[in-house]
Structure formats: structure tokens, C-alpha cells
Amino acid sequence: MTTELVNIQPLYQPVKMSGEMAVFSPEVEAEIDWHLAKYPSKRSAILPIMFIVQRERGYLDGPGVSYLANRLSLRITDIWEVATFYSMLHTKPIGQYHIQVCKTLSCKLLGADKITEQCSQKLGIKPGETTADGKFSLSLVECLGSCGTAPMFQVNFDFHENLTTEKVDQILDSLP
């Protein structure tokens with residue numbers, strides 16, 4: 001019996017830390033303060049504040065992660081652990097439309113591979129890539145919680161269920 005080495009690639013590239021910290025407008029700081037005031041522990045506000053930082057910067061970059069760590073009195077690794085756990089948080093730039101195909105058992109059994117292939121062919125990208133014009137990013141994600149209507153994908157925050165290759169074409173063609 002022989003053993004072959006397997007080269008395992010990380011799903012996300014680590015955020016490059018430069019020591020620079022993001023700066024936000026007084027309005028954004030007020031929004032962050034509002035979230036912090038809702039929780040007895042700063043740490044509990046991590047997700048809503050991460051979404052604000054992502055909204056403002058496009059993704060969670062090094063300066064944004066440094067800001068979060070400082071503002072929440074957490075370590076960089078604490079921020080990184082959360083940022084890499086949730087598929088709706090991004091540690092690298094993504095396209096205007098982020099297509100996340102569910103790859104969990106129900107979707108897999110009901111055609112997620114065909115849906116992924118259709119997206120790849122139509123957009124000319126593989127999962128993990130973004131189109132050259134920056135319009136679309138394609139990702140495979142774990143359960144999106146819609147097993148009864150599999151196969152499905154999510155475009156930004158909108159679910160599209162009971163997909164067929166024809167429905168995929170219609171949805172992608174309808175995006176401005």
C-alpha cells in the first residue's frame with residue numbers, strides 16, 4: 001500500500017495585516033456605538049459590526065480587521081476566527097453579485113453539481129473565482145438551510161430554490 005500526499009488548499013487567504021487601522025465617518029461610528037450599546041459584552045456585537053465594516057470597505061481587509069479588534073477589545077485571531085467561519089463574511093474582494101451554491105447533502109443529491117457547472121460555464125469562472133469585470137463571484141458553501149427546496153443557491157442575500165439549469169440562466173440573465 002502506498003500513501004500519496006494531498007495538497008490541501010485553504011478556503012480563504014489570510015488577511016494581510018499592515019498595522020494600518022480603518023477609519024470611519026462619524027455616522028458609521030454612531031451606528032457602531034448603537035450596536036455596542038445593545039449588548040452587555042462588546043464581543044456579542046461582533047457580527048453586526050463586522051457587517052458594517054464589510055459594507056463600508058467591501059470586505060474585511062487588514063485595516064478593517066485591526067479596527068474591529070481594537071474597537072471590540074479582542075485579538076486579531078478572535079476576529080479572524082469569526083470572519084472565516086461565516087460564508088457571508090468576506091476576507092477578499094468579491095463581485096457585485098456573490099453566488100453561493102449549497103453543496104450539502106440534500107442539494108448535492110438533487111443536482112447541486114449541475115447547478116455549479118451551469119454557473120461556471122455561463123460565467124466562465126470556477127468556484128472561488130470572480131469574473132474579470134468584477135460582476136460575479138462563485139462560491140460553494142455548506143448548508144444554507146433550505147434542504148426542502150434543494151438544489152438552491154444564494155445571490156447576495158436572496159435565496160433561489162428548486163433550481164434547474166434553465167432557472168439558473170434566467171436568474172443570472174436578470175441581474176443588471
Side-chain angles (χ1 to χ4, degrees), residues 3-16 35 43-62 64-65 68 74 76-176:
T3 303
E4 291 184 36
L5 293 176
V6 176
N7 186 12
I8 299 173
Q9 298 295 317
L11 293 175
Y12 299 96
Q13 295 300 315
V15 172
K16 291 182 181 171
H35 283 288
R43 184 182 194 105
S44 299
I46 193 169
L47 281 175
I49 296 175
M50 288 178 105
F51 279 113
I52 293 169
V53 170
Q54 181 171 274
R55 179 191 74 209
E56 294 297 313
R57 300 187 66 80
Y59 67 104
L60 298 172
D61 61 351
V65 169
L68 285 161
L74 297 171
I76 296 289
T77 54
D78 295 328
I79 305 299
W80 181 244
E81 287 171 354
V82 176
T84 57
F85 181 79
Y86 293 102
S87 62
M88 64 282 218
L89 295 170
H90 312 294
T91 56
K92 63 180 184 179
I94 61 164
Q96 176 185 0
Y97 297 105
H98 187 206
I99 301 159
Q100 299 178 79
V101 181
C102 181
K103 66 174 186 173
T104 309
L105 185 60
S106 296
C107 284
K108 184 98 174 162
L109 290 174
L110 294 171
D113 290 343
K114 285 174 86 174
I115 301 304
T116 302
E117 182 60 30
Q118 183 68 16
C119 290
S120 287
Q121 285 183 354
K122 188 158 184 74
L123 301 174
I125 56 174
K126 296 176 185 170
E129 295 179 346
T130 299
T131 56
D133 63 1
K135 187 171 181 181
F136 297 99
S137 292
L138 179 62
S139 300
L140 299 179
V141 295
E142 292 301 330
C143 188
L144 290 171
S146 189
C147 299
T149 56
M152 62 88 61
F153 66 33
Q154 182 176 344
V155 179
N156 295 343
F157 287 100
D158 296 326
F159 273 24
H160 298 277
E161 302 160 312
N162 297 309
L163 290 175
T164 61
T165 54
E166 293 79 20
K167 276 187 169 178
V168 168
D169 285 345
Q170 289 173 345
I171 293 164
L172 295 181
D173 289 342
S174 73
L175 298 173

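Gln121 and Glu117 are linked by a side-chain donor-acceptor pair at a separation below 3.5 angstrom, with hydrogens and angles left out of the test.
Counting only heavy atoms from C-beta outward, the side chains of Thr91 and Trp80 approach each other to under 4.5 Å. In this structure the side chain of His90 reaches within 4.5 angstrom of the side chain of His98, judged on heavy atoms. Considering only heavy atoms from C-beta on, Arg43 comes within 4.5 Å of Asp78 through its side chain. Contact of the Cys119 side chain with the Phe153 side chain is registered, since non-hydrogen atoms from C-beta on lie closer than 4.5 Å. Taking the side chain as every heavy atom from C-beta outward, Lys103 and Glu142 approach each other to under 4.5 Å. Side-chain contact between Ile99 and Phe136: present, with at least one pair of heavy atoms (C-beta onward) separated by less than 4.5 Å. The shortest side-chain heavy-atom distance between Thr130 and Ile125 does not fall under the 4.5 Å cut-off. Contact check for Val53 versus Val65: no side-chain heavy atoms found under the 4.5 Å cut-off.
The nearest pair of heavy atoms linking Leu89 to Val82 is CD1-O, 3.8 Å. Smallest separation of non-hydrogen atoms from Cys147 and Cys143: SG-SG, 4.3 Å. Minimum heavy-atom separation, Ala112 to Cys102: CB-O, 3.4 Å. When all heavy atoms of Gln154 and Phe159 are compared, the pair lying nearest together is OE1-CE1, 3.4 Å.
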Kindly determine whether Val168 and Lys114 satisfy side chain to side chain contact (heavy atoms under 4.5 Å, CB included), including the steps that lead there.
CA-CA 10 Å; Val168 168; Lys114 285 174 86 174; over 6 Å; no
Go through Ile52 and His35 one step at a time and tell me if the side chain to side chain contact (heavy atoms under 4.5 Å, CB included) criterion holds.
CA-CA 10 Å; Ile52 293 169; His35 283 288; 3.5 Å; yes
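The line from CG of Leu60 to CE of Met50 is 5.0 Å long, rounded to the nearest 0.5 Å. From Leu140, atom CG reaches atom OG of Ser87 across 11.0 Å, with rounding to the nearest 0.5 Å. Atoms CD1 and NE2, on Ile115 and His160 in that order, are 12.0 Å from each other to the nearest 0.5 Å. Distance CE/Met88 to CG/Leu144: 9.5 Å, rounded to 0.5 Å. A distance of 10.5 Å separates CD in Gln54 from CG in Leu47, rounded to the nearest 0.5 Å. Here the straight-line distance linking atom CG of Leu138 with atom CD1 of Ile94 works out to 12.0 Å at 0.5 Å rounding.
By the 6.0 Å contact criterion, NZ on Lys108 is open, its count of non-hydrogen atoms from other residues, nucleotides or ligands being 12 or less.
Listed for the Lys167 side chain is a donor-acceptor partner under 3.5 Å among the backbone atoms of Asn162.
Each of Ser120, Ser139, Ser137 was scored for a side-chain contact (heavy atoms from CB on, under 4.5 Å) with Pro127, with one residue passing: Ser120.
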